[in-house]
Each structure stands twice: as structure tokens, then as C-alpha cells.
Amino acid sequence: MTPRRIFLIGIAATLAFSALWHGPLGAGERFAKTVDQRAERTIRYNDVPEINGRPVFSAKMQRAPLTRRVLIEGNPDGFQRAELARILNDIYGILDASWVDPKGGFQPNVFLLPLAVEAQLLGLVSFALGMIIGYLFELRRRANIYKKRI
């Protein structure tokens with residue numbers, strides 16, 4: 001096998017394993033559930049009132065595609081709209097908090113990559129770092145062999 005073919009097989013395997021880990025093995029959904037729980041705890045902690053035992057506001061991560069955006073539902077006043085979004089943006093794992101309009105739509109503040117793409121990019125960066133480290137070790141080994149011959 002040529003080195004180029006081995007390199008391409010390594011890239012394909014990295015992409016396949018990261019997609020498998022994120023999707024069927026459930027890492028993306030576990031991450032989303034954890035962030036959903038943190039957002040709900042944050043809403044309760046900040047004394048957002050409840051009506052009939054149910055919270056007035058709810059926050060869930062955007063799915064289809066799964067991103068680091070939290071969609072907040074409820075009927076806020078102006079202060080609540082700004083402050084709750086600001087508070088939820090400070091939670092680890094959330095990059096954007098957007099309010100859902102009562103009609104069902106939302107206006108995203110920023111473009112976010114799907115979490116599956118983030119996982120694959122992280123896998124490719126790790127693969128590249130491993131290749132660089134392997135290359136540097138190989139250079140050192142060759143340099144040491146050359147020194148022994150002289």
C-alpha cells in the first residue's frame with residue numbers, strides 16, 4: 001500500500017468513527033440531555049416563577065440538526081428576554097440562546113455548525129496532530145541512525 005492510500009484510509013476511518021460515536025453510540029444525545037438539564041436548573045435557580053407547578057420558561061437544545069444552540073420557549077417581558085438569554089449563554093456547552101416565537105419559528109443570532117460536524121473536525125485535528133507527532137519521531141529516528149553511521 002502506498003503512503004497516500006494509508007493516509008486517506010486513516011482520514012476515512014477518523015470520519016467514520018466520529019460519526020458513529022456522535023450518532024448511533026449516542027454521545028451527541030447524552031451531551032444534549034446534559035445541557036438541557038443545566039439550562040432548566042439555571043432557569044429554576046434564577047427564580048423564574050412557576051404557574052400551576054409548571055415553569056413559565058423552558059430551554060432545550062436545538063435538534064435536527066443538533067447544535068450548541070438552546071431554544072427558549074415562554075412569554076417573556078423585555079428584561080426577561082435579554083437577561084435569560086444572556087444567563088443561558090454562560091452555560092458550558094451553549095454557544096447561542098435564541099427565543100422561539102409563539103408561532104413556532106425562531107431567529108438565530110449566529111450560524112452554528114452541527115455538533116456532528118464539530119465532532120468530525122475535532123477528530124480530523126486529532127488525526128493531523130498524531131500524524132505530525134509521528135512524522136517528528138520518524139525524523140528523529142532517521143537522524144539518530146545517520147549519526148551512528150558516521
Side-chain angles (χ1 to χ4, degrees), residues 1-48 55-74 76 79-101 103-150:
M1 259 197 217
T2 65
R4 181 181 184 145
R5 179 171 271 175
I6 293 171
F7 181 73
L8 292 176
I9 289 172
I11 289 176
T14 300
L15 292 174
F17 283 128
S18 63
L20 184 68
W21 175 255
H22 176 77
L25 294 178
E29 190 58 35
R30 283 192 306 272
F31 177 75
K33 285 180 184 178
T34 302
V35 172
D36 287 345
Q37 290 169 355
R38 287 181 190 152
E40 292 295 329
R41 277 196 309 258
T42 301
I43 289 173
R44 282 195 309 270
Y45 176 77
N46 285 297
D47 293 328
V48 175
V56 175
F57 302 116
S58 67
K60 300 282 183 203
M61 283 193 76
Q62 176 186 353
R63 285 160 167 90
L66 181 61
T67 61
R68 292 180 184 265
R69 176 176 289 123
V70 168
L71 300 177
I72 312 166
E73 294 181 12
F79 176 75
Q80 289 171 329
R81 178 175 287 272
E83 283 303 301
L84 196 53
R86 183 188 63 79
I87 290 169
L88 290 177
N89 272 329
D90 291 339
I91 296 174
Y92 174 76
I94 296 176
L95 293 180
D96 181 43
S98 299
W99 284 90
V100 176
D101 293 335
K103 299 169 190 164
F106 74 97
Q107 296 295 324
N109 297 332
V110 293
F111 171 75
L112 296 177
L113 286 175
L115 213 51
V117 174
E118 283 185 29
Q120 290 181 335
L121 288 175
L122 185 60
L124 287 176
V125 167
S126 301
F127 179 75
L129 287 175
M131 291 294 292
I132 291 169
I133 291 170
Y135 178 73
L136 292 175
F137 277 124
E138 179 63 20
L139 283 179
R140 180 176 175 174
R141 187 183 71 82
R142 286 185 182 185
N144 287 339
I145 289 174
Y146 182 71
K147 285 180 187 177
K148 288 179 183 178
R149 288 184 184 169
I150 295 178

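This is a predicted model, so every value here is computed, not measured.
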Smallest heavy-atom separation, Trp99 atom then Ala85 atom, equals NE1-CB, 4.0 Å
Point-to-point distance, once rounded to the nearest 0.5 Å, from CD1 of Ile6 to CD1 of Ile11: 12.5 Å
Closest non-hydrogen atom pair, Ser18 against Ala119: CB-O, 3.9 Å
When Met61, Lys60, Arg68 are each screened for side-chain contact (heavy atoms from CB on, under 4.5 Å) with Val35, the one that passes is Met61
Less than 6.0 Å separating the ring centroids of Phe127 and Phe17? no
Could you give the distance from OG1 (Thr67) to CZ (Phe111), rounded to the nearest 0.5 Å? 9.5 Å
Salt-bridge criterion met for Asp36 and Arg63 (N-O under 4.0 Å): yes
Roughly how far, to the nearest 0.5 Å, is OH of Tyr92 from OG1 of Thr34? 10.5 Å
With Glu118, which of Leu122, Leu121, Leu115 fulfils side-chain contact (heavy atoms from CB on, under 4.5 Å)? Leu115
Audit row: Met1, Ile9, side-chain contact (heavy atoms from CB on, under 4.5 Å) steps and yes/no: CA-CA 11 Å; Met1 259 197 217; Ile9 289 172; 3.9 Å; yes
Nearest-0.5 Å distance, CD of residue Gln120 to CG of residue Leu113: 11.0 Å
Scanning both residues in full, the closest heavy-atom pair of Glu40 with Ala59 reads OE2-N, 2.9 Å
Hey, does Ile87 have a side-chain heavy atom less than 4.5 Å from the side chain of Thr42? yes
Out of curiosity, Leu88 CG to Ile72 CD1, how far, rounded to the nearest 0.5 Å? 4.5 Å
Taking Asn89 for the side chain and Ala97 for the main chain, is one N or O donor matched with an acceptor at less than 3.5 Å? yes
Grab the two heavy atoms, one from Ala32 and one from Leu66, that are nearest each other, plus how far apart they are. CB-CD1, 3.8 Å
Gap between atom CG of Leu124 and atom CG of Leu15 - 0.5 Å precision: 4.5 Å
Given side chains that start at C-beta, do those of Val70 and Asp96 come closer than 4.5 Å, heavy atoms only? no
Would Arg30 pass as a cation-pi partner of Trp21, given that its NZ or CZ must be under 6.0 Å from the six-membered ring centre and within 45 degrees of the axis? yes
What do the steps show when you test Phe31 against His22 for side-chain contact (heavy atoms from CB on, under 4.5 Å), and what is the final call? CA-CA 10 Å; Phe31 177 75; His22 176 77; over 6 Å; no
